[in-house]
Amino acid sequence: MTILKEILYWTNHLIFFYVLFIDGFYLTLLFLSLKQLRLYLKRTQYNRYENEDIVTSELTPPVSILVPAFNEEKNILVSLTSFLNVNYPEYEVIVINDGSKDHTFNRLIDHFQLVSTNQPIRNQIHTEEIYGVYRSIQYPQLKVIDKKNGGKADSLNAGLNLSSFPYFCAVDADSILEHDSLLKTMRPFVEGEEDIIACGGIVRIANGCKILNGRVVEVGLPDNKIVLHQVIEYLRSFLMGRLGFSAINNLLIISGAFGVFRKKEVLLINGYNTKVVGEDMELVLRLQRYLYDEKMSSKVLFLPDPVCWTEAPGNLADLYKQRSRWQLGLLQCLWIHKDALFNPSYKLMGSFALPYFLFVELLGPTIELLGFILILIGLYFDFVSIPFAILFFMFSLLLGIFLSLAAVFMEEYSFRRYPKIKDMITLSFYCIIENFWYRQLNAIWRTWAFLRVLKRDYSWGELKRNGFE
Amino acid sequence: MIFKEMTQFITISNSIPSRLFLQEKKWKREVIIRTLYQLSSVLKSEEEHAKIKMFCEKMGVVSELKKMITESKDWWTVADAIRVVGKLRITELIPAVERNLQQTDYEVWNSSARVMNQLNCNHILLKYLIENENSLKQFKVQQITAILISKLEENDIEIILSHFEQVSPLLKGRFIKILGNQQSPKALTLFESLLSNEDREIRIGALKAIGEIRITTVEDKILAFFKSEEWTERMVATKVVQNCGIRKAIPQLTHLLADAEWWVRLRAAEALFSFGTAGKQVLEWCIENHEDPFTRDMAFKVLREKELEVYSI
C-alpha cells in the first residue's frame with residue numbers, strides 16, 4: 001500500500017508539473033498570437049496593397065487550385081462554384097477525382113460540360129494511374145483528372161503534375177473559398193518583403209451559415225451542439241495556435257483544407273507523402289526541415305483573415321472518426337520526423353514547436369485523462385488532499401475557460417465574423433460547457449486512437465456529408 | 001446627414017459650407033475625411049478633385065496630414081497619412097512624401113512610392129531608383145518598378161531611355177520590363193540592340209519586350225534564337241514569332257515541335273496555331289505523321305484546346 005501511495009504521490013506531482021508545463025506553452029502561444037494579430041490588423045488596416053492593386057500588379061503570380069475529391073457528390077458543385085468565382089487575375093482549378101465510387105465524376109461531367117483531352121502530364125512525382133484529363137467548355141480554367149484511387153496525397157501529387165503555374169493552392173472538395181481569400185493569401189507573396197514559401201488561411205465552420213451559389217451570404221452559429229464546440233475549437237486552434245507559431249516562424253501545419261505553396265520547393269522535396277494520413281502536416285514539416293537544412297530564410301506563414309469555410313461533422317460517430325484520423329496523422333508525422341525533435345540543428349522547431357506537438361497535442365489528452373483517473377483514485381484512497389484536488393481542478397478548469405474565451409474574444413476584437421451579440425454569448429457559454437464533457441470525450445477518443453495504432457488498426461471510416469445547401 | 005451635406009457642398013448646391021464645421025467632435029471630422037477619401041477614389045474630373053482639395057484645406061486636413069507624415073513615430077500613422085495624400089491628391093505634400101521613400105518600414109516606403117505614382121511623379125521615383133539602386137534591396141527595386149509599370153507617362157520613358165546605359169543589369173532588366181509593358185515603339189531600337197547582349201537575362205527581357213511591342217525589324221536575329229542552347233531563349237523566341245506574325249518561321253517552328261523541352265514544344269504549337277490554316281495544317285500533319293510521340297501529343301493537345309476555346313467563346 002505504501003508503494004502504491006508513493007507511486008500515486010509522484011505521478012500526481014508529475015502530472016501537476018506537466019499541467020504547468022503545457023499551460024506555459026498555451027500562455028506563450030496566446031501572447032505570441034495577440035502580438036501577431038495586432039500587427040496583422042495594423043498592416044491590413046493601413047494596408048500596402050489593396051485588393052485591386054494585387055489584381056493588377058505584374059508581380060502577382062498565377063496559381064493552380066488543386067481540389068482532390070473522393071466521394072464528394074454532395075458538396076463538389078457548390079465548392080467548385082466558389083473556386084471558379086474567386087477574385088484572382090490568373091488561375092486554374094484542377095479537380096482530381098480519386099476513383100470516387102459515388103456520382104462525383106458524373107456530376108462534374110454533366111454540370112461543367114467536360115470533354116476529354118489528350119493532355120500530356122509531366123510526371124514529376126509518381127502517382128496512381130491517370131485514366132484521363134478533361135476540360136470544361138464553360139470554364140476554360142477548369143481541368144479534371146480522373147484517376148485510380150490512391151488517397152488524398154496521391155491526388156494532390158497528380159494535380160501538381162498537371163498544374164501549369166508556379167504556386168498551387170490545396171483545398172478540400174467540401175469547402176468554400178471566400179471571394180477574396182486567394183487574393184489575401186497571395187498578398188505576402190506579392191509584396192515580397194519576406195520570402196514566403198507557403199501560406200495558410202483560417203478554416204471556419206460553415207454549418208449554420210447561409211450558403212447561396214457557392215458563397216456564404218450570412219454567417220451564423222449552428223444549432224447542433226457538437227458543431228458549436230468545434231467552432232470554438234477551430235478558433236482556438238487557428239487564432240491562437242497557428243498564429244502563435246507563425247509569429248516565431250515555426251508553423252508546422254497548414255490545413256489541408258486551404259493552403260498556398262510555392263511549387264518549386266514542394267517538387268524538390270518530392271511532393272506529398274502518400275504513406276501518411278496527415279499529409280498536410282507532413283508536407284509542412286518536411287518543408288520546414290528543408291529550409292533549415294538548406295539554411296534558407298524563407299518562411300511558412302499563417303494569415304488569420306483569408307477564410308475557407310468547411311462542413312464539420314455533426315454527430316459523435318463522425319467526429320470520432322475525424323479525431324482518430326487526426327491523432328493517427330499526428331503520430332505518424334512525429335514518428336517520421338523524430339530525429340528533428342530536440343535536435344539543435346532545427347533550433348526553435350526542434351526545441352519548441354515539435355515538443356509542443358508531442359507533449360501537448362499528441363500526449364496531452366492521454367495524460368489529462370490519466371491524471372483525472374489518478375486523482376480520483378488518490379481521493380478514494382485518501383492519498384490526495386481534497387483542497388489540493390479542488391485547487392488543481394479549478395486551476396485547470398479556469399485556464400481552459402480562459403484560453404477558449406481568449407480565442408473567442410480575439411475573434412470579436414479582430415474579424416467579427418459572428419456579428420450578433422447572441423452568437424458571442426452562446427460561444428462564451430460553450431467555452432465553459434466544453435470543459436465538462438467535450439474535452440474529456442476528445443481525450444478518450446484520442447487515447448483510444450493511440451491504442452488502435454498499437455494494434456495496427458489504421459482504419460477510420462468515411463465521414464458522412466450532409467451538403468452545404 | 002453628414003454625407004448629404006457634404007455632397008451638397010461638393011456639388012455647390014449648398015452655399016453655406018460653414019455649417020459643416022459647427023460640429024467639432026473628432027469622430028464626425030474623421031467620418032468626413034474618410035468619406036472625402038472614398039469620394040476622391042471615384043472622381044474623374046480635375047474640377048471635382050479641386051473641390052475636394054479646397055474642402056480639405058478649409059478643414060485643416062492638409063496641415064494635419066503634413067504633421068502626421070513628418071512628425072509621427074508610428075509607421076501606421078505615417079503610412080495612412082501618405083495614402084490619404086494620394087487619394088485626395090494633395091500635391092503640396094509631395095516633398096514630405098518623397099522623403100519617406102528612404103524609410104525602412106515597408107508600409108511607409110511602399111505607400112510613398114504608390115502615392116508618387118498616383119500623383120504623376122514617376123520622375124521622382126525613377127531618380128530615386130537610379131541614384132540609390134546599389135543600396136536598395138532587390139525586392140524594393142522590384143516593388144517600385146512594378147508600381148511604375150501600372151502607370152507611366154511619355155516623359156518617364158524618355159528618362160528611362162536616357163539613363164539606361166548607366167544602371168546595373170538588375171535595373172536594366174526591370175526597365176526593359178517597364179518599357180515592354182508600355183509597348184513603346186520608341187524603345188524598339190534599344191531592345192533590338194540588346195539581343196546580342198552578353199547577359200542572358202537581358203537578352204530574354206529584350207526578346208519578351210519585342211514580343212510585347214509586336215513589331216521587329218530584325219526577324220532573322222529573332223529566328224537565330226531557335227538554335228540557342230538555352231531552352232528559355234528558344235521558348236521566348238517562339239512567342240515573339242507568334243506575336244510579330246513572322247510566318248516564314250513555320251518550318252523552324254515545326255522543327256521546334258520536337259524540342260526536348262515541354263514548354264518550347266507548347267509555345268511552338270501555339271505559335272503554329274496562331275498562323276491560321278497553314279499552321280493548323282502543320283499541326284494536323286504532325287498528329288498523323290510525326291515520328292516523335294511527344295510531338296504528336298503536343299500538337300493534339302494544342303489543336304484540341306484551341307478549338308475548345310473557340311467553341312466556348
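Residue numbers begin at 1 in each chain, while the letters A, B, ... track the order of the sequences. From a predicted model like this one, the values you see are computed outputs, not experimental measurements.
Looking only at atom types and distance, the side chain of B:Q103 has no donor-acceptor partner in the side chain of B:S112 under 3.5 Å away. A donor-acceptor contact closer than 3.5 angstrom links the side chains of B:N120 and B:K151.
With hydrogens and angles disregarded, a donor-acceptor distance shorter than 3.5 Å links the side chain of B:N132 to the backbone of B:Y128.
For A:S116, the part lying under 4.5 angstrom from a heavy atom of chain B is the backbone only. Heavy-atom distances place the side chain of A:V115, and not its backbone, under 4.5 Å from chain B. With a threshold of 4.5 angstrom between heavy atoms, B:K137 does not approach chain A through any atom at all.
No salt bridge links B:D80 with A:K42; every basic N to acidic carboxylate O contact stays at or beyond 4.0 Å.
Most heavy-atom pairs under 4.5 Å with chain A: of the set B:R174, B:Q142, B:Q138, this distinction falls to B:R174.
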